[in-house]
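Inspection log for the structure reproduced underneath, given as structure tokens.
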2 protein chains.
Amino acid sequence: MVSIKTIAAACGVSIATVSKALNDHNDVSEATKQLVRETAKELGYLPNSQARALKTNKTFNIGVLFVDKAESGLTHNYFASVLDGFKVEAEKMGYDITFISKNLDSFSMTYLEHCKYRNVDGIVIACVDFSQPDVLELINSDFPVATVDFTGHEKISVVSDNINGMRELVEYIISKGHKKIAYIYGDLSEVTANRMDSYKKALSAAGIEIREDYLVEGKFHDPVSTEELTKKLLSLPDPPTCIIAPDDFSAIGTINAIESKGLSIPNDISIAGYDGIYLSQVLKPKLTTVRQDTKTIGKEAASLLINLIKKQIKCPCPPKIVKGELLKGETIKDLTKE
Amino acid sequence: MVSIKTIAAACGVSIATVSKALNDHNDVSEATKQLVRETAKELGYLPNSQARALKTNKTFNIGVLFVDKAESGLTHNYFASVLDGFKVEAEKMGYDITFISKNLDSFSMTYLEHCKYRNVDGIVIACVDFSQPDVLELINSDFPVATVDFTGHEKISVVSDNINGMRELVEYIISKGHKKIAYIYGDLSEVTANRMDSYKKALSAAGIEIREDYLVEGKFHDPVSTEELTKKLLSLPDPPTCIIAPDDFSAIGTINAIESKGLSIPNDISIAGYDGIYLSQVLKPKLTTVRQDTKTIGKEAASLLINLIKKQIKCPCPPKIVKGELLKGETIKDLTKE
DNA sequence: AAGCTTGTCGAAAACGTTTAGTGTATAAAT
DNA sequence: ATTTATACACTAAACGTTTTCGACAAGCTT
């Protein structure tokens, strides 16, 4: 192992000088800085992150907490994509990420304990059940924290603009002449509450009655459940002309239910999803949906969190809202032309 | 911060005794062990992983390298799923994972440098271009290494059983009376080579001629490219009766191409995929494919790598082959019944 | 010439652990 | 009664950094 001691010996200076030279302090001459830097490179020196962390209390590691309901782990499309955006930005700023889990080293610990054990510099939380005590403990801890799609606390939060996204989607559907629009909503959460609210407001604004039989509770990411619920909707005495699925992936269930009845999309019935994942745009017909800007959400979360860590910003601060984009697709029939 | 020093003071013993008590050494009495453990718990003590790592040279961190060609990051289905299996097993054994990247902290480093900087205890490599010099440097380094789907080195490797998987798939298709079977293969790699080999052998074994026009080069994870290639296959003077796509996700492209010609699956043409992702089984009709046991692959890689780290096994050792499972689905027409 | 500033460097402590070496008391063996 | 073994606990060094503080020289200012 080549350490600063090695460099010090090679250069004939003290380890203090080496350290300061490498960290570009201003009480060491330009000449020695050069010398130190060069020999460091020659010897293939790499700083020891543990020793540095021990001394400075900065690990340049960010803890990531994510536990979705379906236990799909990293396979969860929305999260994986947000995380990827986060990771890229964090790495750019010199941070690595560490997954926060419960059972490290056989003896189990809480999320907070894991963070303390690893000494992460900050924490980002996404896609969890925010009512869990373990999660709340983390949010209310002394760590710098950023949450995704969850507000109502004094930490940093980045949210997808579900309010405007859903509003635009429903307005678009209405503009195509639909009045009987069903919504299979996902697991109860802030996200779902916002979407539901926008759904209702958009209908009301257009003078359309909100029907309880068109509003059914489903699950995110679960085509099987969604297929079942779609079938129920289709067999109502007065079935809807359009069905909004919890998300794009669940929309597969909606498609299956419709096709299994021998009906076609969008001629017999229109559908929409939410997310705008790649899959939704390679399906035929292309799914009408709202693309969530996952990369930006992740990136913003990373950038804000790191700024907080570096104390370049202060909390509380207002949530950062990341706009989505309506993808019109081909699954909404235009009823106005009939 | 409560450290062993705090505990030592509270218990009236030296820090050495505290350390040994907590690590269950046998030169400290059961009584003091009890006392130390209890006060440690009371005070909410957590070991400082950096300090420990500095002293022991073990970080309980495993580096994960993954860079797929499509730059899809964590969104890559196969990898995300393998990684998840890896992560779960690693956590169970007390290890966290760290993503290995190139540009940490603005000043860029090689993969190997990143690993040295973070002092990972071992490295797992999957889904990368194994011909990259940076990757080879890592494989040939002194770190304990495990690779997924790549052999030919002296380190640990875990591979999906593409040889038998593809063989079973093609045999199944042949058993349904098909003789004109096309294969759109993915990016050139060990995986593709094995599948291609099995494809050819299975055909030959059945006395079926291997036609160059049925063997076309495509890309993994790319429905658009696959759609194009499928169209070409369909417009051959003597088109195939069955098309095998590079993977399940690309198979969407195959489906699109077929349906856009007004043909139906499997009545007019049969198809198959590879991977067995969730999506493939919620599509209608269900895709015929080979499920790769990603969880097991990840789990085995973790378990073997950690055993290597703990020196409970030695390299070189033969590759661990993880069997897949033929999912018969509904996309292969039975031609023998006509 | 004395004091002051500025620039450059090193000694040493500290971060929280682990561990080798040493000492001491008690029990067992001669 | 002396030696030997055993059990237990402590001292101190070490891991690789960062950082405070003081030292010293050279150049200024009065």
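By convention in this document, chain letters (A, B, ...) are assigned in the order of the sequence lines, proteins followed by strands, and residues within each chain are numbered from 1.
Heavy atoms only, all atoms of each residue included: A/Gly63 and A/Ile100 are closest at C-CD1, 3.7 Å.
Under the 4.0 Å criterion applied to side-chain N and carboxylate O atoms, B/Lys323 and B/Asp293 are not assigned as salt-bridge partners. A salt bridge does not link A/Glu89 with A/Lys295: none of the charged nitrogens is closer than 4.0 Å to a carboxylate oxygen.
Note: CD1 (B/Ile4) to C1' (D/dC10) measures 13 Å, nearest angstrom. Taking atom CD1 of B/Ile15 as the reference point, atom C1' of D/dC10 lies 10 Å away to the nearest angstrom. In this entry the distance linking CG of B/Asp27 with P of C/dG21 reads 14 Å, nearest Å. Distance CG (A/Asn26) to C1' (C/dT6): 12 Å, rounded to an integer number of Å. Atoms CG (B/Asn57) and P (C/dT19) sit 11 Å apart, rounded to a whole Å. A straight line from CD of A/Gln50 to P of C/dA14 spans 23 Å, rounded to a whole angstrom. We find that NZ of B/Lys58 is positioned 13 Å from P of C/dT18, with the value rounded to whole Å. In this structure, A/Leu54 atom CG and C/dA14 atom P are separated by 14 Å, rounded to whole Å.
Ring pair A/Tyr117/A/His114 is tilted by interplanar angle, where 30° to 60° counts as tilted.
Comparing B/Ala51 and B/Gly12 against DNA chain D, the residue whose closest nucleotide sits nearer the 5' end is B/Gly12.
Listed pair A/Ser29 / C/dC9 meets the phosphate criterion, a side-chain N or O lying under 4.0 Å from OP1 or OP2. Distances shorter than 4.0 Å separate some side-chain N or O of A/Thr32 from OP1 or OP2 on C/dC9. Within the structure, every side-chain polar atom (N or O) of B/Tyr117 is placed at least 4.0 Å from both OP1 and OP2 of D/dG16.
Note on B/Ser14: a base of the nucleic acid sits closer than 4.0 angstrom, heavy atoms only. As judged by a 4.0 angstrom heavy-atom cut-off over every strand, B/Asn48 is placed among residues touching the sugar-phosphate backbone only. At a threshold of 4.0 angstrom between heavy atoms, the contacts of A/Asn23 are confined to the sugar-phosphate backbone, with no base atom among them. Among the atoms of the strands shown, base atoms are found under 4.0 Å from some heavy atom of B/Ser19.
A donor-acceptor contact under 3.5 Å is formed by the side chain of A/Lys20 with the base of C/dG10.
Geometric assessment of B/Lys299 against the ring of B/Phe86 yields a negative cation-pi assignment under the 6.0 Å and 45° thresholds.
Among the nucleotides C/dA11, D/dC15, D/dG16, the one closest to any side-chain atom of B/Lys55 is D/dC15. The side chain of B/Arg52 approaches C/dT17 more closely than any other nucleotide in the set C/dG16, C/dT17, C/dT8.
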